[in-house]
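Take a look at the structure set out below.
The structure displayed is predicted, hence computed values, not measured ones.
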Amino acid sequence: MILGACTGLSCYLAVASAKPNPIKSNASSAIRHDLCCPIGGYSGVLSMSTSKRGKNTVVAGAGGESLTYRGAGVDIDAGYELVRRIAKMAPGIGGFGGFFPSANDGSYLVASMDGVGTKLMLALETGILNTIGIDLVAMSVNNVVTSGTKPLGFLDYYSTGHLDVDVAEKVMDVHLMLWFELWVYWLNRAYCVSPLVSFLLLIIQVIKGIVDGCKQSDCALLGGETAEMPGLYREGDFDLCGCAVGIAKKDSVIDGKNIIAGDILIGLPSSGVHSNGFSLVRSVLEQSGLSLKDKLPGGDITIVEALIFLIFYQQVLDLVSKGGVKGIAHITGGGFTENIPPVFPEGLGALIYKDSWEVPIVFKWLQEAGNIQDSEMRRTFNMGIGMVLVVSPEAANRILDDVEKAYRIGEVISDNDMGVTYG
């Protein structure tokens, strides 16, 4: 998109890239189906496990309709069915990042593609778009990190109904962004020009966010694609997608094949909702009667401030380098229920310790205001844990001593259902 075409690499990735979180539902029902060449024990079609979601399920609130992700328009089960059908044509899909042999030295190209879903709608409503670009980079970069791979490059896709070429040419020069933003802002204040000018300011915020996200993750912005599609979008609307790539040595890939019963689950905290479940978030907002600018009930920030931020998990690579990390799950669309089991070898499941970490207030409010069942919350949101490491007991003790914010949230158990249970 913004800083060059990189057509060759884009085409290569279109063939080689693959496997998102089995069903990555970024608040919309967007499904990533990354293709994975077999490595270790982490190949083939991941089983669509029926997790034990019925246990310990309670209804959260007393009043109002009990909201669900499906009721908000996102059907995770339909997404799994789509992946199952795609698997008939492209065996080997599933997981967080796709692997492709890149050389004769045993290394792999690791790629992951993702978006920000309907979180974009809230960003457009509030005009806070500088963080959306960061979210876009973080979603794919964090997926690549789950294999123990350092992301090296990022490509983005930007689509809209109308593109002003003369303006876009100036926007492409990152060094001129600030001056251009000031110029557009002055025009808007001085002459109250058309909504297009305001829209251009929003685009600049997005681009800045993408550049900033790449800097934060030490990842090069290689290029991407810009698409102008009149008639498909309403005036002022656009969509974003991104792809992160890295290189991994075969003997250093974290693939989960050595996980055994008794291994420990270490949770790294999220910064909030991240970029998943926003269709349900919007339904809760509507039912609550509150606006994004209202104070978060029980908190000291506004609702929008509780929703906009997403963090990178670069520290995971440092932890991997010290040994003992056997598997990693990025908790995105599908929550614990759908993202943890695929990391395990067949026959294993997860026991999550209740009350082993503090669930952020934003999730407590969402559950109460939306009257959402426990099982639905766990299958939709990250509940305050953005990344789960599956580690040996020895590594668990070291990580808990070394990392200020890390929690022992559970353990691996023998479970033929490959489910997630709570106790």
Side-chain angles (χ1 to χ4, degrees), residues 20-32 48 51 53-54 57-83 114-126 128 132 135-136 139 233-234 237-241 270 272-294 296-297 302-304 306-310 330-339 359-384 386:
N21 310 7
I23 293 302
K24 295 281 303 184
S25 298
N26 284 346
S28 61
S29 52
I31 308 302
R32 280 184 22 230
M48 308 303 175
S51 302
R53 297 185 292 271
T57 298
V58 298
V59 176
E65 178 187 356
S66 181
L67 301 180
T68 65
Y69 208 11
R70 178 178 292 180
V74 180
D75 189 341
I76 294 179
D77 292 321
Y80 271 107
E81 175 60 22
L82 175 61
V83 169
D114 217 326
V116 294
T118 57
K119 185 175 185 178
L120 185 57
M121 296 177 69
L122 300 187
L124 285 167
E125 180 181 337
T126 59
I128 303 175
I132 279 292
D135 288 352
L136 182 69
M139 290 299 292
Y233 296 91
R234 296 175 301 180
D237 282 357
F238 58 91
D239 198 12
L240 298 168
C241 186
S270 69
V273 181
H274 287 182
S275 291
N276 297 96
F278 273 85
S279 292
L280 184 51
V281 169
R282 290 187 295 112
S283 293
V284 171
L285 271 171
E286 182 179 358
Q287 178 161 296
S288 72
L290 298 177
S291 74
L292 291 168
K293 296 181 180 179
D294 287 328
L296 176 68
T302 64
I303 293 175
V304 69
L307 294 174
I308 59 175
F309 295 108
L310 195 153
H330 184 196
I331 308 304
T332 57
F336 281 9
T337 304
E338 308 295 353
N339 286 293
V359 176
I361 292 175
V362 64
F363 296 108
K364 297 177 181 178
W365 170 73
L366 286 168
Q367 183 167 22
E368 182 176 354
N371 197 23
I372 304 172
Q373 294 185 355
D374 282 353
S375 58
E376 191 70 15
M377 292 293 295
R378 294 166 180 162
R379 200 189 185 199
T380 305
F381 301 114
N382 64 60
M383 301 305 293

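- Of the possible polar contacts, one joining the Glu376 side chain to the Tyr69 backbone as a donor-acceptor pair under 3.5 Å is found.
- Using modelled atom types, no side-chain atom of Asp237 and backbone atom of Tyr233 make a donor-acceptor pair closer than 3.5 Å.
- Of all heavy-atom pairs spanning His330 and Gly386, the tightest one is CD2-O, 3.4 Å.
- Put simply, the side chain of Phe238 reaches to within 4.5 Å of the side chain of Leu120, judged on heavy atoms.
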Intermediate values then yes/no, side chain to side chain contact (heavy atoms under 4.5 Å, CB included), Ile132 and Leu240: CA-CA 9 Å; Ile132 279 292; Leu240 298 168; 3.4 Å; yes

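- Salt-bridge check for Asp374 with Arg379: failed, with every basic side-chain N at 4.0 Å or more from each acidic carboxylate O.
- The CE atom of Met139 sits 11.0 Å away from the SG atom of Cys241 when rounded to the nearest 0.5 Å.
- Partners of Leu290 according to the side chain to side chain contact (heavy atoms under 4.5 Å, CB included) rule, which considers only residues two or more places apart in sequence or in another chain, are Ser288, Asp294, Pro297, Ile303, Trp365.
- Atom CG of residue Asp114 and atom CG of residue Leu136 lie 8.0 Å apart, to the nearest 0.5 angstrom.
- Here the OG atom belonging to Ser291 is positioned 8.0 Å from the CG atom belonging to Leu285, to the nearest 0.5 angstrom.
- Checked against side chain to side chain contact (heavy atoms under 4.5 Å, CB included), Leu67 has the following partners two or more places apart in sequence or in another chain: Glu65, Leu280, Ser283, Val284, Gln287, Ile372.
- Here the closest heavy-atom approach between residue Lys119 and residue Ser275 is recorded as CD-OG, 3.7 Å.
- Legend: residues meeting side chain to side chain contact (heavy atoms under 4.5 Å, CB included) with Glu125, ordered by chain and number and at least two apart, are Leu122, Leu292.
- At a threshold of 4.5 Å between non-hydrogen side-chain atoms, the residues Thr118 and Val281 do not count as touching.
- With rounding to the nearest 0.5 Å, the separation of CG in Leu366 from CG in Leu296 is 8.0 Å.
- Checked by atom type and distance alone, the side chain of Thr68 pairs as donor or acceptor with a backbone atom of Gly71 at under 3.5 Å.
- In this structure, the side chain of Asn339 engages the main chain of Gly333 through a donor-acceptor pair within 3.5 Å.
- Taking Thr302 as the reference, Glu305 meet the side chain to side chain donor-acceptor pair (under 3.5 Å) condition, with sequence neighbours excluded.
- Evaluation of the side chain to side chain donor-acceptor pair (under 3.5 Å) rule for Ser270 yields Asn382 as partners, not counting sequence neighbours.
- Contact check for Phe381 versus Ile331: no side-chain heavy atoms found under the 4.5 Å cut-off.
- Rounding to the nearest 0.5 Å places CZ of Arg378 at 9.5 Å from CZ of Phe336.
- Between atom NZ of residue Lys364 and atom CE of residue Met377 there is a gap of 11.0 Å, rounded to the nearest 0.5 Å.
- Annotation: side chain of Met121 is not in contact with side chain of Phe278 (no heavy-atom distance under 4.5 Å).
- Looking at Ser279, its side chain never comes within 3.5 Å of a backbone N or O of Gly73 through a donor-acceptor pair.
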